[in-house]
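Taking it in order: structure first as structure tokens, then the write-up.
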Amino acid sequence: MRIAVTYENGDIFQHFGHTKQFKLYDIEEGKIVKEQIVDTNGQGHGALSGFLTNAGVEALICGGIGGGAQAALAEVGIQLFGGVTGSVQEAINSYLEGNLAFHPNVHCTHSEHGHSCGEHQCKEDKHGCHGNGQ
């Protein structure tokens with residue numbers, strides 16, 4: 001199984017559609033057998049579902065994510081664990097232990113600076129959109 005995590009400096013990047021890197025983990029028998037950081041090469045939003053599909057990803061751990069991106073991931077069969085914050089390594093360890101705290105109804109929330117992402121509009125602070133269970 002391959003799991004992708006939105007990545008920035010060791011932490012989970014909080015806006016899926018703007019992530020510049022993913023950390024990919026290959027899991028066999030409940031253990032990490034390989035990990036690597038990959039660049040998205042400027043691809044964003046809807047294109048990222050294709051990027052992840054081409055990378056063989058089966059599950060995604062991320063922070064905030066809009067409805068259009070959620071639908072695109074569901075369409076290609078990638079399981080979503082959104083609304084996660086903190087360290088990428090802690091998140092993957094929690095996932096492997098079966099106790100990853102995530103929000104099944106994650107969506108972008110509004111805070112300081114607005115932008116239009118094509119498929120949705122949201123506001124973000126310096127860390128990006130933030131997922132929550134509301």
Side-chain angles (χ1 to χ4, degrees):
M1 168 179 225
R2 179 169 274 181
I3 301 170
V5 185
T6 54
Y7 183 84
E8 183 179 58
N9 299 321
D11 289 326
I12 297 168
F13 187 68
Q14 291 300 301
H15 190 305
F16 170 77
H18 288 240
T19 193
K20 293 181 179 161
Q21 295 181 314
F22 288 101
K23 189 156 188 183
L24 303 180
Y25 292 91
D26 292 335
I27 310 297
E28 292 179 11
E29 298 179 14
K31 296 186 185 332
I32 299 168
V33 295
K34 182 180 178 185
E35 55 187 83
Q36 62 182 316
I37 297 170
V38 297
D39 292 326
T40 63
N41 299 317
Q43 296 184 54
H45 291 97
L48 289 175
S49 66
F51 178 90
L52 293 174
T53 299
N54 291 338
V57 169
E58 297 173 55
L60 169 70
I61 298 172
C62 68
I65 183 169
Q70 289 181 37
L73 292 171
E75 188 174 302
V76 296
I78 295 176
Q79 187 175 12
L80 175 63
F81 298 92
V84 182
T85 61
S87 159
V88 168
Q89 196 62 48
E90 288 176 16
I92 196 69
N93 289 341
S94 293
Y95 174 86
L96 293 173
E97 294 166 0
N99 60 12
L100 177 66
F102 68 98
H103 300 290
N105 297 316
V106 67
H107 66 279
C108 284
T109 61
H110 299 278
S111 52
E112 296 172 21
H113 306 289
H115 70 271
S116 174
C117 301
E119 45 201 333
H120 69 281
Q121 288 194 333
C122 57
K123 295 186 179 184
E124 62 184 318
D125 64 17
K126 67 180 182 175
H127 302 291
C129 287
H130 298 277
N132 63 33
Q134 298 178 354

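Any value given below was found using the heavy atoms of this structure, including those in side chains, with hydrogens, waters and symmetry copies removed. For the single chain, residues carry numbers from 1 onward in sequence order.
- Here the options are V88, I65, I61, I12, the test is side-chain contact (heavy atoms from CB on, under 4.5 Å), and the partner is T6; only I12 passes.
- Residues satisfying the salt bridge (charged side-chain N to carboxylate O under 4.0 Å, His left out) test with D26, not counting sequence neighbours, are R2.
- Counting non-hydrogen atoms of neighbouring residues, nucleotides and ligands closer than 6.0 angstrom, the CD atom of E35 exceeds 12 such neighbours.
- For the atom pair CG (L96) and NZ (K31), the distance works out to 9.5 Å, reported to the nearest 0.5 Å.
- Between Q89 atom CD and I32 atom CD1 the span is 5.0 Å, to the nearest 0.5 Å.
- In summary, of the residues considered (T85, V84, L80), a side-chain contact (heavy atoms from CB on, under 4.5 Å) with F102 occurs for V84 alone.
- Heavy-atom neighbours of Q36 CD from other residues, nucleotides or ligands within 6.0 Å: above the threshold of 12.
- Here the straight-line distance linking atom CG of L52 with atom CG of L24 works out to 7.5 Å at 0.5 Å rounding.
- Interatomic distance, K34 NZ to I27 CD1, rounded to the nearest 0.5 Å: 12.5 Å.
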| request: Carefully, step by step, assess Y95 and V5 under the rule side-chain contact (heavy atoms from CB on, under 4.5 Å). | output: CA-CA 11 Å; Y95 174 86; V5 185; over 6 Å; no

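- For the residue pair H103 and G83, the shortest heavy atom distance occurs at CD2-O, 3.3 Å.
- Atom-to-atom distance recorded for F22:CZ and C62:SG is 8.0 Å, nearest 0.5 angstrom.
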| message | Does K23 form a side-chain contact (heavy atoms from CB on, under 4.5 Å) with F13? I'd like the steps, not just the answer. | response | CA-CA 11 Å; K23 189 156 188 183; F13 187 68; over 6 Å; no

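- Screening V57, T53, L60, L48 for a side-chain contact (heavy atoms from CB on, under 4.5 Å) with L73, the sole residue that qualifies is L60.
- Once rounded to the nearest 0.5 Å, the distance linking CZ of F16 with OG1 of T40 reads 9.5 Å.
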